[in-house]
Number of protein chains: 2
Amino acid sequence: MNDSDGGGGRAARPRRADARRNEKTLLDAAAAVFVASGVDAPVRDIAAKAGVGTATIYRHFPTRADLIIAVYRHQVEACAEAGPALLASGATPYAALERWIGLFVDFLVTKHGLAAVLRSDDAGFDALHAYFLDRLVPVCARLLDAAAAAGEIRSDIPAIQLMRGVGNLCIGAEHDPDYDARRLAGLLIAGLRLPR
Amino acid sequence: MNDSDGGGGRAARPRRADARRNEKTLLDAAAAVFVASGVDAPVRDIAAKAGVGTATIYRHFPTRADLIIAVYRHQVEACAEAGPALLASGATPYAALERWIGLFVDFLVTKHGLAAVLRSDDAGFDALHAYFLDRLVPVCARLLDAAAAAGEIRSDIPAIQLMRGVGNLCIGAEHDPDYDARRLAGLLIAGLRLPR
DNA sequence: TTGCTAAACGGGACGTTGTTCCGTATCGTC
DNA sequence: GACGATACGGAACAACGTCCCGTTTAGCAA
């Protein structure tokens with residue numbers, strides 16, 4: 001358990017320069033290929049795009065989930081941080097919830113195949129599920145609590161269920177333009193409203 | 001298009017007895033394997049269960065979609081016929097819609113992987129999409145129209161969108177018992193309600 | 001009953017993809 | 001400049017969908 005460079009001892013040894021370079025190259029290549037072919041793109045394609053061997057991918061990102069997380073981490077963080085910001089922005093909690101769900105949907109539908117893989121029961125994607133849920137469910141829960149406290153919505157739907165539902169609504173939205181995930185998600189949220 | 005034994009010409013020639021027998025055997029085997037391993041089960045597994053070669057499956061059911069349709073046709077028909085029945089059963093149109101969606105969800109969540117495949121963009125599943133949509137969307141549309149005419153719901157959501165949304169909500173519902181597709185679908189429908 | 005032909009069959013062959021292994025090249029240090 | 005650990009590349013293996021081809025068999029007629 002050498003703490004490579006963290007708080008305590010100085011680095012046991014930093015990663016080699018070529019390794020760090022390849023990781024960056026791989027992230028860029030993966031991002032490009034994900035856009036072009038979806039997050040299910042063949043490993044060989046990503047390796048080819050990056051100009052490395054397939055084993056190099058597995059060395060840096062043991063599972064596909066690790067690669068996906070690394071590629072989209074920034075955007076997920078941004079989405080998570082938008083939650084409290086929206087809540088503080090002055091609108092009603094319900095409006096904040098509605099807009100935040102919109103952000104989440106927009107993120108998912110622009111990542112081909114991500115919503116689907118988020119629903120996969122493949123054990124290899126457990127890390128991906130865990131990351132998304134850990135990072136976003138608490139944010140959603142805060143928005144739900146605020147709206148419930150304001151008497152705008154019912155309070156008997158757990159945040160995790162809602163997130164799963166919204167995520168599911170985004171599956172396959174990237175093709176056929178007749179499918180409007182955002183609208184359906186809005187409908188789902190509207191279903192939470194209490195009559196006043 | 002040959003009317004094998006129907007009204008017009010006498011049969012060009014009826015299918016061989018072993019072929020008919022194998023088709024039945026395959027349907028039974030597929031149904032069993034689908035229950036055990038989902039509708040994505042390897043072709044070889046189904047063939048083995050039926051005691052036939054893999055080519056025999058492709059001969060009878062050129063695409064997986066054809067096999068799935070054949071296995072579930074009865075249940076889809078039953079669901080389609082339940083729509084008008086519910087509408088005539090005396091409750092409000094909205095209640096009928098709600099219950100019919102419940103039937104649809106119950107059907108989907110008990111067929112491992114079917115909801116997911118219904119969302120696949122693989123061209124091989126086009127026939128499956130078409131069948132489900134052709135058969136069920138008109139039923140849903142009638143329920144929606146009735147409820148809209150009664151002033152219970154808004155009328156600006158096409159039936160096909162709603163069906164897609166509900167179908168999506170059912171994806172992955174077969175595992176983790178914490179996910180309640182039926183409840184979320186109910187929420188989606190509730191989102192259609194008009195304030196009175 | 002026996003022989004013929006088209007229908008149907010079975011399993012092996014091929015292509016694609018994920019994953020792992022092993023010999024080789026390279027980095028960083030002495 | 002030499003050495004050891006690190007990292008690399010591509011071949012090898014396994015699982016699966018799909019297709020092909022040589023063989024078997026049902027159905028019919030002589």
Side-chain angles (χ1 to χ4, degrees), chain A residues 2 4-5 10-27 29-30 33-34 36-68 113 116-117 120-128, chain B residues 2 4-5 10-27 29-30 33-34 36-68 113 116-117 120-128:
Chain A
N2 61 16
S4 62
D5 65 344
R10 76 239 134 269
R13 190 158 341 181
R15 297 220 323 295
R16 261 169 53 170
D18 55 346
R20 235 166 326 163
R21 219 180 319 124
N22 270 334
E23 179 165 327
K24 177 82 171 76
T25 305
L26 270 173
L27 280 179
V33 174
F34 285 176
S37 317
V39 297
D40 292 314
V43 178
R44 282 168 176 77
D45 288 1
I46 304 171
K49 179 89 176 180
V52 304
T54 55
T56 299
I57 294 194
Y58 287 99
R59 212 169 288 119
H60 288 278
F61 307 99
T63 72
R64 185 176 291 264
D66 297 316
L67 182 56
I68 296 176
V117 112
S120 156
D121 60 333
D122 186 327
F125 288 113
D126 283 352
L128 187 64
Chain B
N2 69 14
S4 61
D5 61 346
R10 77 242 133 264
R13 186 150 354 171
R15 299 223 316 300
R16 261 168 54 169
D18 54 346
R20 233 165 327 158
R21 220 179 318 124
N22 270 334
E23 179 164 327
K24 177 82 169 78
T25 305
L26 270 173
L27 280 178
V33 173
F34 284 174
S37 316
V39 296
D40 292 314
V43 178
R44 283 168 175 79
D45 288 1
I46 304 171
K49 178 90 175 179
V52 304
T54 54
T56 299
I57 294 193
Y58 287 99
R59 211 167 289 119
H60 287 278
F61 307 100
T63 73
R64 186 176 289 266
D66 297 317
L67 181 56
I68 295 175
V117 112
S120 157
D121 59 334
D122 186 326
F125 288 114
D126 284 351
L128 187 63

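Predicted model only: the values in this text are computed from it and were never measured.
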Specify the separation, in whole Å, of atom OH of Y58(B) and atom P of dT18(D).
4 Å

Within less than 4.0 Å of OP1 or OP2 of dG11(C), is there a side-chain N or O belonging to T54(B)?
no

So, taking the atom named CG in D45(A) and the one named CG in D40(A), what distance separates them when rounded to the nearest 0.5 Å?
12.0 Å

Reading DNA chain C from 5' onward, which residue's closest nucleotide shows up sooner: V43(A) or H60(B)?
H60(B)

Euclidean distance, atom CD of residue E23(B) to atom P of dC9(C) [Å, nearest integer]
10 Å

Taking only N and O in the side chain of N22(A), is any of them less than 4.0 Å away from OP1 or OP2 of dA7(D)?
no

Under a 4.0 Å heavy-atom criterion, the protein footprint on nucleotides 23-30 of chain D, written with B, S and -, is --BSS---

Within a strict 4.5 Å, meaning less than it, do heavy atoms of the F125(A) and T63(A) side chains meet?
no

Does the side chain of R64(A) reach to within under 4.5 Å of the side chain of V117(A), using non-hydrogen atoms?
no

Heavy-atom side-chain proximity of R15(B) to E23(B) below 4.5 angstrom
yes

Is it the case that dG11(C) (base atoms only) and R44(B) (side chain only) share a donor and an acceptor within less than 3.5 Å, ignoring hydrogens and angles?
no

For T25(B) and N22(B), run side chain to side chain donor-acceptor pair (under 3.5 Å): C-alpha distance rounded to whole Å, both residues' side-chain angles, the deciding distance at 0.1 Å, then the answer.
CA-CA 5 Å; T25(B) 305; N22(B) 270 334; 4.7 Å; no

Distance-minimising heavy-atom pair for A50(B) and A29(B)
CB-CB, 3.6 Å

Net bend of the helix from dT1(C)-dA30(D) to dC30(C)-dG1(D), end axes of five pairs each, nearest 10 degrees:
20°

Take atom CZ of R59(B) and atom P of dC20(D), then tell me their distance rounded to the nearest Å.
12 Å

Which residues, if any, of residues 120-128 of chain A bring a heavy atom under 4.0 Å of DNA chain C?
none

For residues D66(B) and A127(B), report the shortest heavy-atom separation together with the two atoms involved.
OD1-CB, 4.5 Å

So do the side chains of F34(B) and L67(B) get within less than 4.5 Å of each other, counting heavy atoms only?
yes

Looking at NZ of K49(B) and CG of L26(B), how far apart are the two atoms once the value is rounded to the nearest 0.5 Å?
12.5 Å

Apply side chain to side chain contact (heavy atoms under 4.5 Å, CB included) to I46(B) and F61(B), showing your working.
CA-CA 12 Å; I46(B) 304 171; F61(B) 307 100; over 6 Å; no

Atom pair distance, as rounded to whole Å: CD1 in I68(A) and P in dG18(C)
12 Å

NA contact type, A55(A), heavy-atom cut-off 4.0 Å: base, sugar-phosphate, or nothing?
base

Touch class at under 4.0 angstrom, heavy-atom based, for R64(A) against every strand present:
sugar-phosphate

